[in-house]
Amino acid sequence: QVQLVESGGGLVQPGGSLRLSCAASGFATSDYYTLSWFRQAPGKEREGVSCISAYLGNTYYADSVKGRFTISRDNAKNTLYLQMNSLKPEDTAVYYCARRPGGSNWNDCRRSGSMDYWGKGTLVTVSS
């Protein structure tokens, strides 16, 4: 049974950092899947934040987080990460990890409809 479980969210001041984790089970992160982070702020649509493609591990980022967020995966731990630095109040959202079969470019891995499994999310609040 495929499961994705996010953790690491919380309350942080503007300019602070958090690292989100997404523990995968039921499949191997080293297999042919692209892994993505999405977020959904109150009253807004879910948006793609970052993804890491299968095999080669190409990484992609939304313009709003480029240079501040870093996606990575540890295949030995079967875990996906999102290191978030220089956080801003507009980063406040529920963050979800998701899986997409196969490799992807940014246009593919940012589309929520192309994902086959989702985690339940972790809340990140950036506020002073």
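Treat the numbers as computed from the prediction; the structure is a model and nothing was measured. No hydrogens, no waters, no symmetry mates; every other heavy atom, side chains included, goes into these values.
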Practice item. Just jot down the ring pair (Phe, Tyr, Trp, His ring centres under 6.0 Å) partners of Tyr117, sequence neighbours excluded, or say none. Key: none

Practice item. Sorted by first residue and then second, give each side-chain hydrogen bond (donor to acceptor under 3.5 Å, both in side chains) pair with at least one member in residues 6-18; sequence neighbours left out. Key: Ser17-Asn85

Review point. What is the minimum heavy-atom distance between Cys109 and Ser36, and which atoms define it?
Key: O-OG, 3.1 Å

Exercise for review: Using atom types as modelled and distance alone, determine if a side-chain donor or acceptor of Trp106 lies under 3.5 Å from a backbone N or O of Cys51.
Suggested key: no

Practice item. Is it possible for you to check whether Arg99 lies under 6.0 Å from the centre of the six-membered ring of Tyr33, through NZ or CZ, and within 45° of that ring's axis? Key: yes

Point to revise | Residue list, ring pair (Phe, Tyr, Trp, His ring centres under 6.0 Å) with Tyr95, at least two apart or on another chain | key: none

**Study point:** CZ-CG distance between Phe27 and Asn78, expressed to the nearest 0.5 angstrom
**Key:** 6.5 Å

Exercise for review: Ignoring hydrogens and angles, tell me if any N or O in the side chain of Ser30 forms a donor-acceptor pair with the backbone of Asn75 under 3.5 Å.
Suggested key: no

Check your understanding: Around Lys66, counting heavy atoms of other residues, nucleotides and ligands shown, do more than 12 lie under 6.0 Å from its NZ?
Key -> yes

Point to revise | Least distance between heavy atoms, Thr79 atom then Thr29 atom | key: N-CG2, 4.2 Å

Review point. Are Ser114 and Arg100 close enough, and set up right, to give a side-chain hydrogen bond (donor to acceptor under 3.5 Å, both in side chains), and what steps lead you there?
Key: CA-CA 6 Å; Ser114 70; Arg100 182 181 188 278; 3.2 Å; yes

Check your understanding: Mind checking whether Trp118 and Phe38 have ring centres under 6.0 Å apart?
Key -> yes

Check your understanding: Is NZ or CZ of Arg110 both nearer than 6.0 Å to the six-membered ring centre of Tyr60 and within 45° of the ring axis?
Key -> no

